[in-house]
Amino acid sequence: MWRPLLLLSLLLCNDLTIAKATESTQLIILPSQHGDRTCSAPDRNLNDKPIIGILTHPGVGTFDAPRDHSLSYYEKNVSYIAASYVKFAETGGARVIPLIYNEPQERLFQKLELVNGVIFTGGWAKEGLYFDIVQKIFGKVLEKNDAGEHFPVYAMCLGFEILSMIISQSRDILERFNSVYYASSLQFIENANIEGTLFQRFSPELLKKISTDCLVLQNHQFGISPDNFLANPSLSSFFSILTTSADKDGKTYVSTIRSKRYPVTAFQWHPEKNAFEWGSSEIPHSEDAIQVTQHAANYLVSEARKSLNRPSHEEVLSNLIYNYKLTYSGYKGSGNDEAYIFT
Ligand SMILES: *[C@@H]1O[C@H](CO)[C@@H](O)[C@H](O)[C@H]1NC(C)=O
């Protein structure tokens, strides 16, 4: 006898639901009854579909043992982008086009014309073709800005180091620091003006926490001390120091810099890792740490929206990172969880 009963109760439930729905429908205002929509028109001075170009780095990015920092990767002609940089740009509301460093240069620089901002990633390559390409792209970015286009750059870790070498015109500007896989705080320079920088939209609480708590990941063996930075006229006239940090031995280095004239920000730390990399227990993942990643991403993309470069839709689609395969290598740990590998 239970079967018909169950069926009956199901029917009853359904009936009740329907009755309820009918009752409440009368209270719902249908879209057609709203009158005119009040969505504001897009700001014509901003580009709401910004594209970020990310330069690939030699190697495969998985740090297989033995970890290969050698120039043999140039011979192997393989390069990669850790997916965390791609997700970082996407977090801010942008799409990504990979700038493949070892592609024929004509093609590489055509792709630069499809983007509204550039990221130079972390890595180890400080010489050879990779260095030359960073230098050329950076030169073109400054030209774009000089010609009146707002075109931002984020340079992380190795990117910070290479921009310092380029601006100082010295290959010996870097010093040794002990900061491999090390979470740290950021100490703001006295009277640092954070207006118009990535820190502008941090809440007062987060600004305080980032200087007392270990909310950012450092992973580098090189860096520049504030004294050496300030003693170099080219560096100190091009960049303002925003923050410094201390390494495992308590030695202080410059950790965030911002160009005085161009929308160029360089980080010795890794704003992209907190939300997207899991290979080291040192990577901060707290809610505050994730906010640091999100604010940094939002700021880059808000700068890229000011670029008015609007390339053809088709050209953009056929060059987007979505045309490439993602490789998961998180099982090995200590590398990048996911990477795009270009062979
Ligand atoms: C090296 O790789 C790039 C990018 O995939 C490719 O365009 C280029 O033709 C390759 N060069 C050689 C010599 O194989």
Side-chain angles (χ1 to χ4, degrees), residues 50-90 94-141 143-144 151 153-163 165-166 272 276-277 304 309 311-330 332 335-343:
I51 312 283
I52 301 294
I54 304 183
L55 186 63
T56 70
H57 179 279
V60 293
T62 54
F63 300 158
D64 293 0
R67 189 163 154 181
D68 193 349
H69 276 200
S70 75
L71 292 177
S72 72
Y73 270 120
Y74 284 124
E75 283 146 34
K76 290 177 194 155
N77 197 35
V78 53
S79 70
Y80 78 97
I81 297 174
S84 44
Y85 294 98
V86 176
K87 296 172 194 180
F88 179 77
E90 290 175 346
R95 288 171 295 170
V96 166
I97 286 183
L99 305 173
I100 304 170
Y101 92 95
N102 48 351
E103 266 188 321
Q105 288 190 26
E106 200 190 312
R107 194 161 152 61
L108 176 61
F109 290 113
Q110 276 167 4
K111 288 187 185 173
L112 189 62
E113 298 309 313
L114 300 178
V115 302
N116 306 101
V118 164
I119 292 177
F120 297 122
T121 70
W124 48 261
K126 290 194 187 67
E127 54 192 321
L129 180 62
Y130 181 76
F131 184 96
D132 295 345
I133 293 293
V134 173
Q135 190 160 25
K136 279 191 184 165
I137 292 177
F138 190 58
K140 283 183 189 280
V141 166
E143 277 171 25
K144 282 175 188 292
F151 192 101
V153 168
Y154 260 21
M156 279 84 135
C157 203
L158 173 71
F160 174 107
E161 293 168 11
I162 292 186
L163 291 196
M165 291 162 80
I166 291 171
E272 81 291 351
F276 304 116
E277 295 288 2
N309 182 28
S312 92
H313 185 59
E314 285 68 33
E315 262 190 292
V316 166
L317 292 191
S318 61
N319 285 290
L320 285 173
I321 192 100
Y322 307 130
N323 292 289
Y324 298 89
K325 204 176 120 249
L326 197 49
T327 302
Y328 177 56
S329 46
K332 297 195 174 90
N336 300 295
D337 283 85
E338 292 183 292
Y340 293 91
I341 300 168
F342 304 86
T343 51

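We use all heavy atoms of the structure for the numbers below, so side chains are in, but hydrogens, waters and symmetry mates are not. All residue numbers in this chain count up from 1 along the given sequence. Both ligands and their constituent atoms are indexed starting at 1 by order of listing.
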Within the protein, is there a heavy atom lying under 4.0 Å from atom 5 (O) of ligand 1?
yes
Can the positive tip of Lys140 be found less than 6.0 Å from the middle of the six-membered ring of Phe109, inside 45° of the ring normal?
yes
Just jot down the side-chain hydrogen bond (donor to acceptor under 3.5 Å, both in side chains) partners of Asn309, sequence neighbours excluded, or say none.
none
Which ligand 1 atoms does Pro104 reach within 4.0 Å, using its non-hydrogen atoms?
7 (O)
Verdict with supporting geometry, Ile51 and Leu114, side-chain contact (heavy atoms from CB on, under 4.5 Å):
CA-CA 7 Å; Ile51 312 283; Leu114 300 178; 5.9 Å; no
protein heavy-atom neighbour closest to atom 3 (C) of ligand 1 works out as Asn102 O, 3.6 Å
Restricting to side-chain hydrogen bond (donor to acceptor under 3.5 Å, both in side chains), what partner residues turn up for Tyr322, sequence neighbours left out?
Glu90
Answer with yes or no after comparing the ring centroid distance for Phe276 and Phe88 against a 6.0 Å cut-off, counting only values under it.
no
Would Thr343 count as a contact of ligand 1 if the rule is a heavy atom under 4.0 Å away?
yes
Select the closest option to atom 14 (O) of ligand 1 among Asn77, Thr56, Leu108, judged by heavy-atom distance.
Asn77
Under 3.5 Å between any N/O of Glu103 and any N/O of ligand 1: does that happen in this structure?
no
